[in-house]
Colleague: 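I have a structure here, written as C-alpha cells, and I will follow up with some questions on it.
These numbers come from a predicted model, not from an experiment.
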Amino acid sequence: MTQNADIAAMSFEEALAALEAIVRGLESGQQKLEDAISAYERGAALKKHCEEKLAQAEARVQAIVARADGSLTLKNED
C-alpha cells in the first residue's frame with residue numbers, strides 16, 4: 001500500500017493522531033535529517049487529508065437546515 005493510499009484510508013481522527021505524533025517527533029529534534037524530511041512530507045499529506053475531511057464534514061453540516069416547523073431537512077429537499 002502506498003503512503004497516499006494509506007492516508008486516504010484513514011479517518012480524520014486517525015490522521016490527526018498520526019500528524020500529532022509526527023509533530024512531536026519533529027519537535028524533539030532527535031531524528032536524522034532524512035527521517036525528518038520524510039516525516040515532514042508525510043505530515044503535509046496528513047494535514048491535507050485532515051483539511052479535506054473537515055471540508056466534507058462542513059459541507060454536510062451546512063446542507064442541513066431547519067424547516068419552519070422545527071424539523072430538519074437537507075437544503076435540496078422540500
Side-chain angles (χ1 to χ4, degrees):
M1 186 180 301
T2 67
Q3 178 174 307
N4 289 340
D6 172 43
I7 292 172
M10 290 182 168
S11 69
F12 173 81
E13 293 79 9
E14 292 168 332
L16 185 59
L19 181 56
E20 289 171 344
I22 287 171
V23 170
R24 282 192 302 274
L26 290 172
E27 287 177 341
S28 75
Q30 300 299 313
Q31 295 178 332
K32 294 179 182 179
L33 180 59
E34 277 303 313
D35 293 340
I37 291 169
S38 293
Y40 184 85
E41 291 171 341
R42 181 165 174 81
L46 287 163
K47 177 184 174 281
K48 181 179 181 217
H49 179 71
C50 286
E51 289 171 342
E52 290 169 354
K53 289 286 188 182
L54 283 174
Q56 291 170 2
E58 183 179 2
R60 289 178 63 193
V61 169
Q62 288 180 354
I64 300 171
V65 295
R67 291 184 177 173
D69 66 3
S71 64
L72 297 177
T73 186
L74 294 179
K75 282 184 179 180
N76 294 335
E77 293 180 5
D78 285 318

Colleague: For the pair E14 and S11, evaluate side-chain contact (heavy atoms from CB on, under 4.5 Å) and give the outcome as yes or no after the intermediate values.
Modeller: CA-CA 5 Å; E14 292 168 332; S11 69; 3.2 Å; yes
Colleague: Rounded to the nearest 0.5 Å, what separation is found between the NZ atom of K48 and the CD atom of E51?
Modeller: 9.5 Å
Colleague: May I have all residue pairs that pass salt bridge (charged side-chain N to carboxylate O under 4.0 Å, His left out) and include part of residues 25-39, sequence neighbours excluded?
Modeller: none
Colleague: I need the minimum non-hydrogen distance between L26 and A36, along with the two atoms involved.
Modeller: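 In this case the closest contact between L26 and A36 is CD2-O, 3.6 Å.
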Colleague: Any chance you could lay out the side-chain contact (heavy atoms from CB on, under 4.5 Å) test for I7 and R42, step after step, and finish with the verdict?
Modeller: CA-CA 9 Å; I7 292 172; R42 181 165 174 81; 3.6 Å; yes
Colleague: Which atom pair, heavy atoms only, marks the closest approach of I22 to A39?
Modeller: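 Residues I22 and A39, closest heavy atoms: CG2-O, 3.4 Å.
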Colleague: How many angstroms lie between atom CZ of R24 and atom CD of Q30, to the nearest 0.5 angstrom?
Modeller: 15.0 Å
Colleague: At what distance, to the nearest 0.5 angstrom, does CE of M10 lie from CG of L16?
Modeller: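 Spacing of CE (M10) from CG (L16) equals 11.0 Å.
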Colleague: Are there over 12 heavy-atom neighbours, none belonging to F12, within less than 6.0 Å of that residue's CZ?
Modeller: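 Yes.
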